[in-house]
Amino acid sequence: MTKLIYAAACALALQGITSANAQTYPSRPITLIVPLAPGGSTDVIARIMAEGMRAALGQPVVVENATGAGGTIGVGRLARSAPDGYTIGIGQWGTNMANGAIYPLQYDLIKDFEPIGLIASQPFLIVARKTMPANDLKDFLAWLKANADKVSQGNSGVGTPSHVAGILFQNTIGARFQMVPYRSAGLSMQDLVAGQIDVLLDTPAVSLSQVRSGNIKAYAVTAKTRIAAAPEIPTTDEAGLPGFYFSFWHALWAPKGTPKEIVAKLNAAAMSTLADPSLRQKLVDLSQEIYPREQQAPEALLAFHKAEIEKWWPIIKAADIKAQ
């Protein structure tokens, strides 16, 4: 009986400490882990979110890129971090969903994290080097099929959205060509601009500035509707590849065991950022579709995350995508 009383007293004391910590949180800077390299859309979105959350929380939110192995190094670091709210992470379709079907992970994508909230989703652009002879998507697809043995298609790394979308793209058009993995979207875009590779499926956040500078060609957006940031680019339905859609999302997580009160404060800061007109416009300019407020809640992210795993893991495994 004495042991039970002691255990109960310790539990109450720990609860009191946790509650007190939550009340004074945050009292120092917060680290936001980005599991991919600088220059890609995940990094850009993270910095926008950090800017807004800093204002909402009253403490700096320091972006730290922890890259490698398709994002598994950064996500693994988050899983091992102290659950005190001072280390959080941004993740996306590839790093926090697809990787579970590709890599032998040392963490569980659902059980080892506390969801904070969904941010936004975005489609891809089908883009090619500027010297590509084709001027529209139909001609481009014909060129790819006729030159499949010479074509090189870049991506942001094994298991990333651009890799999986690239495989689906090849399956859809009925042609196979070389895949060239890079450590980030920024690096693959550099080689496309330099003419070292022929084609990419990449985000508007990375591609649009190069399209507008005339450094690459854009043939279509992989969505049902045109994007506001580039209304001149046709959809795949309009351009000659009907039904080929691919969009991917970003979200925020904390390590498992982070107190609910702290998760609630982080979620409120994220929601405040997504409601801020100037920061919201920055995301819209990157062709991000911001989720409605009711879908920004932690429990909504948890349900969404589970549904995405259920939907995509069988497709990824059937495509036999392996870690390299």
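Residues take their numbers from the sequence shown, with the count starting at 1.
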**Geometric cation-pi criterion Arg80 and Tyr107, 6.0 Å radius, 45° cone** = no
Please check this pair: side chain of [X] against backbone of [Y], looking for a donor-acceptor N/O pair closer than 3.5 Å.
| X | Y | value |
| --- | --- | --- |
| Asp202 | Ser207 | no |
| Ser287 | Gln122 | no |
| Asn147 | Trp143 | yes |
| Glu114 | Gly257 | yes |

**Message:** Looking at Gln281, I'd like to know if its CD atom is crowded, meaning that more than 12 non-hydrogen atoms belonging to other residues, nucleotides or ligands lie closer than 6.0 Å.
**Reply:** yes
**Asked** Pick from Leu192, Asn135, Val199: which one makes a side chain to side chain contact (heavy atoms under 4.5 Å, CB included) with Lys217?
**Response** Asn135
**Request:** Test Lys282 against every option in Asp285, Val284, Leu279 by the side chain to side chain contact (heavy atoms under 4.5 Å, CB included) rule and name the one that passes.
**Result:** Leu279
If only side-chain N and O atoms count, and only distance matters, is there a donor-acceptor pair under 3.5 Å linking [Y] with [X]?
| X | Y | value |
| --- | --- | --- |
| Asp276 | Ser278 | yes |
| Asp191 | Tyr182 | yes |
| Ser162 | Ser156 | yes |

**Complete:** With Gln153 as partner, the option from Gln178, His163, Gln170 fulfilling side-chain hydrogen bond (donor to acceptor under 3.5 Å, both in side chains) is Gln170
**Request:** May I ask you to decide whether Glu238 forms a salt bridge with Lys224, counting only side-chain N to carboxylate O separations under 4.0 Å?
**Result:** no
**Charged N-O contact under 4.0 Å between Asp112 and Lys256** = no
**Request:** Is it possible for you to say whether Phe246 and Met179 belong to one hydrophobic cluster, with membership spreading through side-chain heavy-atom contacts below 4.5 Å?
**Result:** yes
**Message:** Is the shortest side-chain heavy-atom distance between Val63 and Ile33 below 4.5 Å?
**Reply:** no
**Message:** Quick one, Asp84 and Ile262 - any side-chain contact, counting heavy atoms below 4.5 Å?
**Reply:** no
**Ring center gap for His305 and Trp253 short of 6.0 angstrom** = yes
**Asked** Hey, do the aromatic rings of Phe304 and Trp249 have their centres closer than 6.0 Å?
**Response** yes
